[in-house]
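Here is the structure we will look at.
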Amino acid sequence: MKSVLLAPLDPVHDNAIKLLKRKLSEAGYEAVSMPPGTSAEEVVQRALVMQPDAILVSRTLGYKVAETLSHLVDLADAAGIHDRTRLGVGGMAITKEIGAELGFDGCFVGDLKIQEVIDFIENRAASSAVSASEGSARVKPDITAPYSYKFYDAGIERSLQQVTGQILDWVGNKTTDGIERAKVRAEMLECDAAERDSHANPQAREALLKRYIALCDPEIQAFYTQGQLPSGVRWLGKSEIERVPGLFEGGHEPFTSLRHTQSKPLFFSQYGTGCPVMDVVHIKVAEAWGIDGVFHFDPSWNAQREGLLEGYLTHEHDGTILTLENLKFIRHFMEPYTLWNVRGHRGLNTPETQVLGHAAGADLFKINIPYGGTAGGTDPERLTVDGVYSLMLAAQYGIPFDIPGNDELSGVPPYKTFAGLLVMMALGLRLGARPIPKPLLCYSPYMTINGRMDDNMIDMNLAKLAVWRDIVDTPLWPGEPVGFMTHTPDRVQSSMQTALHATLAATMGVDAVTIASSDEAYSKGPISAQARVDTLRAVRDELRFQGSIQATLSSAAELIKEEIHEKIGETLEAIAQRGDFVASIYEGMMGNQEDGLYPGRTGRGTVRNGA
Amino acid sequence: MKKALDSIVDAIDIETFFACRSEDEAKELAEALAGELNLPHGDIVFLEHKGWGARVRIRSYIHRPGDHYRWLENEEEK
């Protein structure tokens with residue numbers, strides 16, 4: 001057994017020494033500690049008797065630091081101890097520079113990392129190197145893997161069987177320009193792959209591009225035929241692209257999870273600054289501060305035009321332009337273990353987004369027909385046809401898809417939103433895809449108008465998570481982001497609300513959580529890098545605060561849960577009886593104009609029968 | 001010598017507390033401060049006045065997404 005002598009060279013402070021003694025003892029070392037106020041002479045005298053493998057001293061107070069510590073090193077050298085014993089130093093008053101200058105073999109600054117100390121005692125590679133290698137060996141978790149999707153509510157399951165059957169019958173062989181473009185794009189990607197393998201067929205590629213252009217809106221056609229960029233868009237320069245790797249020379253900070261003692265949930269945040277270079281920097285910031293995954297947000301006009309652009313493109317508006325080159329560029333700089341979601345749940349390019357996302361290495365998709373087919377979104381008929389095709393692609397690629405429930409933000413009550421999520425879940429399962437519903441933890445108009453959160457925000461949010469456990473064995477991923485409509489531009493308040501909602505979800509054992517930045521409620525400019533750090537730090541601390549605490553529903557929360565459950569069943573039964581899913585969206589069965597929701601209009605009248 | 005402002009990824013936030021009589025006065029002070037510090041297009045992100053003073057956060061974007069970022073340029077290009 002190796003032995004370690006621990007001594008506080010400080011008149012008062014010995015917390016770190018006590019903590020080290022416990023941790024080293026637990027790790028199987030013989031750890032002997034001395035009391036506060038120990039002198040350098042007393043340390044050396046004890047070491048001569050004990051002959052430890054290492055001496056670790058600490059110093060918290062800032063005066064006479066160099067004098068006290070160098071005296072110890074001199075004495076240890078003179079007594080011949082330093083020849084066989086490693087000398088380490090740590091504490092609030094210590095910097096790496098001081099430790100090295102004074103002749104210590106090791107210097108520990110910041111939070112105690114016991115593995116680093118053990119590596120020092122064992123005289124082996126520094127813990128940062130070990131952590132880095134552990135980081136690169138991290139495996140991406142499959143959020144859906146532990147779940148069977150078994151339904152516990154037979155009535156709901158029966159209604160969903162009927163509704164999904166009706167949807168697939170209705171879709172039949174219908175098609176859209178969006179689906180046809182996705183097919184052409186997939187062929188173009190095959191052509192590009194053949195070219196890389198020296199089997200180029202430029203004529204075939206050109207013919208495909210012509211077919212693609214014919215399926216696009218005039219503005220997108222002008223890009224391909226005349227090189228015209230949409231307003232405000234510019235090409236990224238070659239030098240801009242080539243310099244990005246230089247920003248990250250020296251490797252990546254070892255991953256430090258936000259989680260304290262639990263293995264769940266994973267934490268996600270969105271990016272989409274408008275510029276792929278800025279996105280990369282923001283993603284690296286989020287990774288360094290502990291994010292597990294990120295979402296690609298595209299501009300709203302991307303969703304409202306038929307056709308996507310190509311190349312490295314940037315612009316000064318929200319949302320980063322969805323091109324294969326932009327996606328690959330951004331993916332390239334992510335750590336291998338960072339999960340990546342490319343959303344395509346609402347626009348006219350939904351199927352092609354899945355094709356490009358898959359080609360660029362996406363781990364997750366985002367598809368929700370009822371949500372994407374309402375408010376400022378796509379016509380429900382169009383999105384139902386495109387959405388079913390997209391689910392088939394998700395199944396074909398083996399990529400799970402998440403289903404955001406953000407229609408609650410318009411004022412839709414949770415049970416209607418959840419009915420929509422369940423339809424999407426059942427539809428995805430029927431097509432062989434793996435769904436992840438995302439109940440939104442928020443202070444929505446429905447809650448404020450109906451006084452459902454007048455007393456507290458816990459009962460309703462817990463009930464909204466717990467109800468899923470009674471219905472189906474499914475992963476749960478509250479988003480999008482949690483705490484929506486609780487945030488203000490005050491970064492302290494905003495970070496706190498994010499942390500409270502995220503960790504409340506964690507107490508329910510959810511699988512993942514989407515968090516905002518502290519700029520969530522600031523609407524006059526892009527999200528700043530520091531705003532991302534704010535909420536990641538807040539969530540980390542709140543998780544540390546609560547540890548492995550699990551939530552228990554109050555009697556009020558139980559009642560809310562039962563109410564939501566019952567109304568979900570009624571809503572799904574009514575949709576099944578209506579016998580026409582698209583009509584049920586138009587008619588507001590999953591959210592009507594009184595709730596604040598109305599059918600989307602983009603792409604109306606663009607569905608046609610396929611060959 | 002590298003300019004610190006050039007290394008700011010996107011935004012600079014100034015947080016402070018003004019001794020002032022009203023929210024309007026706080027706004028004027030915030031705008032004046034942004035000017036005194038030569039911060040381009042200073043914007044008030046958050047301002048809360050209570051009693052005799054105001055907590056305020058002022059933001060200025062040094063680099064907006066889509067700009068040419070000086071933190072990405074070589075020294076001679078700046």
Side-chain angles (χ1 to χ4, degrees), chain A residues 229 232-237 239-248 271-285 297 299 312-321 487-494 517-534, chain B residues 2-18 20 23-24 26-31 33-35 37-51 53-78:
Chain A
L229 289 169
V233 177
R234 73 168 175 87
W235 296 101
L236 270 180
S239 63
E240 289 175 281
I241 294 166
E242 287 175 351
R243 282 175 193 159
V244 176
L247 291 174
F248 310 112
Y271 69 87
T273 62
C275 173
V277 174
M278 188 64 91
D279 284 341
V280 167
V281 172
H282 276 228
I283 291 167
K284 301 310 288 180
V285 168
F297 270 40
Y312 298 99
L313 295 169
T314 181
H315 70 157
E316 295 183 14
H317 304 288
D318 280 352
T320 299
I321 298 168
H487 304 107
T488 71
D490 173 10
R491 70 189 188 93
V492 177
Q493 185 274 349
S494 188
S517 74
S518 64
D519 277 343
E520 177 65 23
Y522 176 63
S523 57
K524 290 187 279 182
I527 291 170
S528 64
Q530 62 265 34
R532 297 191 182 280
V533 176
D534 284 347
Chain B
K2 191 164 138 182
K3 275 178 72 182
L5 271 181
D6 289 347
S7 294
I8 289 175
V9 164
D10 37 32
I12 181 168
D13 289 348
I14 306 287
E15 292 203 48
T16 191
F17 194 95
F18 288 123
C20 57
E23 189 173 310
D24 286 344
K27 281 181 186 166
E28 283 174 22
L29 287 167
E31 282 158 13
L33 180 63
L37 294 173
N38 289 321
L39 295 177
H41 313 294
D43 182 40
I44 299 168
V45 177
F46 175 75
L47 191 152
E48 187 170 55
H49 180 269
K50 301 253 185 208
R55 179 171 176 247
V56 65
R57 179 156 61 116
I58 307 158
R59 169 168 295 183
S60 173
Y61 285 94
I62 306 302
H63 297 107
R64 283 181 175 272
D67 280 352
H68 292 278
Y69 314 121
R70 286 185 296 284
W71 41 259
L72 197 60
E73 292 171 357
N74 293 331
E75 279 303 309
E76 59 270 20
E77 288 174 313
K78 290 179 184 172

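Quick caveat: nothing in here was measured; it's all calculated off a predicted structure. Each chain gets a letter, A, B and so on, in the order the sequences are listed, and its residues count up from 1.
- Between A/Arg491 and B/Val45 there is no side-chain heavy-atom pair separated by less than 4.5 Å.
- Within the 4.5 angstrom heavy-atom criterion, only backbone atoms of B/Ile44 (N, CA, C, O) approach chain A.
- Only the side chain of A/Thr314 comes within contact range of chain B, judged by heavy atoms closer than 4.5 Å.
- The two atoms that bring B/Pro65 and A/Thr273 nearest to each other are CB-O, 3.2 Å, heavy atoms only.
- To the nearest 0.5 Å, atoms CZ (B/Phe46) and OG (A/Ser518) are separated by 12.0 Å.
- With chain B as partner, the option from A/Ala529, A/Gly237, A/Ser528, A/Pro526 having the largest number of non-hydrogen pairs under 4.5 angstrom is A/Pro526.
- In terms of non-hydrogen atom pairs under 4.5 Å with chain B, the most contact-rich of A/Thr488, A/Leu247, A/Thr320, A/Asp279 is A/Leu247.
- Proximity of B/Asp67 to A/Met278: side-chain heavy atoms (C-beta onward) are nowhere separated by under 4.5 Å.
- Using a 4.5 Å heavy-atom threshold, the side chains of A/Gln493 and B/Glu48 count as separate.
- Distance check, rounded to the nearest 0.5 Å: SG of A/Cys275 to OH of B/Tyr69 gives 3.0 Å.
- Take A/His317 and apply the ring pair (Phe, Tyr, Trp, His ring centres under 6.0 Å) test, not counting sequence neighbours, and it matches A/His315.
- Of all the heavy atoms in A/Lys524 and B/Asp43, the pair that sits closest is NZ-OD1, 3.0 Å.
- One distance of note links CZ of A/Arg243 with CG of B/Leu72; it measures 6.5 Å at 0.5 Å rounding.
- Rounding to the nearest 0.5 Å places CD of A/Glu316 at 12.5 Å from OH of B/Tyr61.
- The backbone N or O of A/Glu240 sits nowhere less than 3.5 Å from a side-chain atom of B/Glu73 that would complete a donor-acceptor pair.
- For a residue to count as touching a neighbouring chain, one of its non-hydrogen atoms must lie under 4.5 Å from one of that chain's; by this rule A/Val244 touches chain B with backbone and side chain alike.
- Screening residues 54-66 of chain B for salt bridge (charged side-chain N to carboxylate O under 4.0 Å, His left out), with sequence neighbours left out, gives A/Asp490-B/Arg55, A/Asp519-B/Arg59, B/Asp13-B/Arg57, B/Asp13-B/Arg59, B/Glu15-B/Arg55.
- Proximity to chain B is absent for every atom of A/Leu313, based on heavy atoms less than 4.5 angstrom apart.
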